[in-house]
Student: 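Encoded as structure tokens, here's the structure I'll be asking about.
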Amino acid sequence: MTAFATHEVFNQSPPFEGVDLFAADRPLVEAVKANGGAAAEKELSEFGKAWGSAAMAERGRVANENTPKLRTFDSRGNRRDQVEFHPAYHELMAHSAQAGVHNSTWTADGRPAGNAAEVVRAARFYMAAQVETGHLCPITMTRASVAALAMQPDLLAKVMPVLSTRSYDPSFAPWWDKRGMTLGMGMTEKQGGTDVRSNMTRAVRDGSAYRITGHKWFMSAPMCDAFLVLAQADAFLVLAQADEGLTCFFMPRFAPDGSVNAIQFQRLKDKLGNRSNASSEVEFVGAYAQAVGEEGKGIRTIIQMVQLTRQDCSIASVGLMRSGLAHALHHARHRSVFQKHLADQPLMQAVLSDMALHVEASVALMMRLCRAFDRTPHDPAEAAYMRLLTPAIKYWTCKSAPPFLYEAMECLGGNGYVEEGILARHYREAPVNAIWEGSGNVMCLDVLRALAREPDAATAVLQALAVETKSLPGAGEAVAFIGKAFRRPDGERVARLAVEKLVLLSAAAALNGVSPRNAELFAATRLATNHASMYGAVDIEPSDTRALLERALP
Ligand SMILES: Cc1cc2nc3c(=O)[nH]c(=O)nc-3n(C[C@H](O)[C@H](O)[C@H](O)COP(=O)(O)OP(=O)(O)OC[C@H]3O[C@@H](n4cnc5c(N)ncnc54)[C@H](O)[C@@H]3O)c2cc1C
């Protein structure tokens, strides 16, 4: 501690750095194991140490303080359309790529890797999100793009040798000449984001390719090597209703002849958070593109990608909450108030243990979902779980992160609110995960869509959850409530109510497979009664409180 001429600095918590983000997180270690990822413990611990280091925390801070800059023109008035990032951003990208966070769920030829690849990669994504989330935008989109590219096998075969490497190559060059590549996505236009059918961007055939003219109101990570873009294909515009032509296209930064493609960035968004990541407004001026999947099947194609980015929104949100909890608990164990550490004050214990319970259930649920992603190709029951619960879990985890981080921030008092610490950044970052890739209401409507389209599969998921939770308080009532609410003719009106109950039930079931005692506590405080609007407004026994906090951070 420093001694100034006027005073000494003491009773401040040391930085939460030099931590193994894997080993220090028992709920994570156990959830990875419970969902088939135990064999990867050693490599996850290495990743945890690298991302829990002071050097990585510093990269995160610097990449967010030195935000990306759009260089639209050069000094002679020629278009440049390039975005410059601070070296710290590139280092974060290189670290994530080197660990395969952008591709490890795929084989080198673009098939699902299986063998708990989703669970293991999710653990990495979750740890990286605790340190810096902005750079994870191109990382998640690259990983997810493979699912959409699979609809165009010849293109997938060409791209995979570059996409499947562990190299990060930030050079502005044609993707086929690079050591590694990243992909972005352009769907949202000014007149409609959720309602992509209202897209006005048009694609006109040009030999075997297309020329695309129009705009995107949001297109993040503009230095990606290619984008999957939705546009209306021309044949359909003549023959049918405009919205029937919506097609998915692969739009590279360089056309096949090596010239820079006609992708013109207008400006970068000035965002609440997510500062290290650039999000552009863009125009396409007859830009070269190739179709991905059939003409008119754009939504069906891009949804393959979006399902995976939704999963990642959820993982990142749980990672942000975990980081909030860990920083709060670490601080409370070092900071004394009225001659006692904060962590030993009963009311602070009530707050922290309730938060720990929320994170523990979220981690168990997220890992259970990733297991479903791992098993979906071979197991229809897991495919049904994945289809019904991905939007539900995205809804709950992403929407619960902002208030959670606000509470975590308050545990650090004034230090939590200033920009030197990471919690202010996490707090500004958190809301975006609920907005992009389908906002809250849209997720609830997607759950209703899954129920309507595959009612038997959805009912089987609910029945399995009922069996897994049958000994837990409030679970039987929750199952009955969900069944009834989803059958109501005005189901859309009560969708948030029903989806929230469904997620709480699923979280209790997932936690039961990791820590039965904590599943009981979770059910008692969230299913048997409605949880109060503030953390800590629960009655958890001191022995359970101690156990929860010990598990959260030894
Ligand atoms: C930082 C950032 C980066 C982004 N990057 C990208 C990107 O790279 N690529 C891309 O394509 N997009 C991107 N987006 C856009 C994002 O996906 C959209 O903003 C989002 O899908 C919502 O669309 P919208 O903004 O048009 O809102 P709207 O579609 O107008 O929705 C507004 C609200 O209405 C609700 N709503 C919609 N339909 C219904 C309904 N039927 N019933 C009840 N409520 C409803 C929604 O839940 C939402 O809360 C980004 C957004 C942000 C903030």
Side-chain angles (χ1 to χ4, degrees), residues 64 67-68 83 133-145 148 182-201 212 214-231 246 248-249 251 263 265-284 298-299 301-303 305-310 312-313 316-317 391-392 394-396 398-399 401-402 425 428-449 452 490-499:
N64 280 276
T67 53
V83 179
T133 29
H135 84 286
L136 292 175
C137 176
I139 293 287
T140 182
M141 291 194 293
T142 303
R143 187 296 273 229
S145 67
T182 52
L183 271 95
M185 160 168 56
M187 296 193 288
T188 308
E189 297 186 4
K190 289 174 184 166
Q191 73 286 352
T194 303
D195 185 7
V196 288
R197 285 181 194 281
S198 69
N199 271 196
M200 298 186 301
T201 297
I212 297 200
H215 82 284
K216 295 294 163 187
W217 181 226
F218 281 90
M219 196 168 85
S220 288
M223 286 308 282
C224 283
D225 297 290
F227 303 90
L228 294 185
V229 167
L230 287 182
L246 207 58
C248 180
F249 294 93
M251 185 187 283
I263 300 174
F265 298 115
Q266 308 305 300
R267 59 176 175 168
L268 299 185
K269 300 284 191 188
D270 184 6
K271 298 177 284 185
L272 169 68
N274 196 247
R275 296 266 178 91
S276 67
N277 181 36
S279 298
S280 71
E281 294 166 17
V282 63
E283 283 181 359
F284 310 132
I299 295 179
T301 303
I302 204 98
I303 205 77
M305 176 175 182
V306 172
Q307 185 80 340
L308 295 177
T309 52
R310 286 178 180 168
D312 277 356
C313 289
S317 294
K394 182 192 184 271
Y395 171 74
W396 184 66
C398 297
K399 289 190 83 69
R425 167 147 59 90
R428 283 188 277 99
E429 180 73 25
V432 77
N433 285 314
I435 293 173
W436 61 15
E437 309 307 314
S439 313
N441 286 353
V442 177
M443 291 299 90
C444 292
L445 295 174
D446 198 41
V447 174
L448 294 183
R449 194 171 305 122
D490 62 345
E492 197 171 312
R493 208 169 52 77
V494 292
R496 281 194 176 211
L497 207 53
V499 168

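Every number for a ligand or one of its atoms is a count from 1 in the order of the listing.
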Student: Looking only at atom types and distance, does a side-chain atom of Arg267 sit under 3.5 Å from a main-chain N or O of Glu281, one as donor and one as acceptor?
Tutor: no
Student: Looking at Asp490, I want to see if its CG is surrounded by more than 12 non-hydrogen atoms of other residues, nucleotides or ligands under 6.0 Å.
Tutor: yes
Student: Can you check whether Phe218's main-chain N or O pairs, donor with acceptor, with Ser279's side chain at less than 3.5 Å?
Tutor: no
Student: Protein residues near ligand 1, heavy-atom distance below 4.0 Å?
Tutor: Met185, Gly186, Met187, Thr188, Gly192, Gly193, Thr194, Phe218, Met219, Ser220, Lys271, Ser279, Val432, Ile435, Trp436, Glu437, Ser439, Asn441, Val442, Leu445
Student: What pairs with Phe249 under ring-ring contact (aromatic ring centres under 6.0 Å, His included), at least two apart in sequence or on another chain?
Tutor: Tyr210
Student: Is the count of non-hydrogen atoms from other residues, nucleotides or ligands lying under 6.0 Å from Glu492 atom CD greater than 12?
Tutor: no
Student: Hey, does the side chain of Lys216 reach the backbone of Leu230 with a donor-acceptor pair shorter than 3.5 angstrom?
Tutor: yes
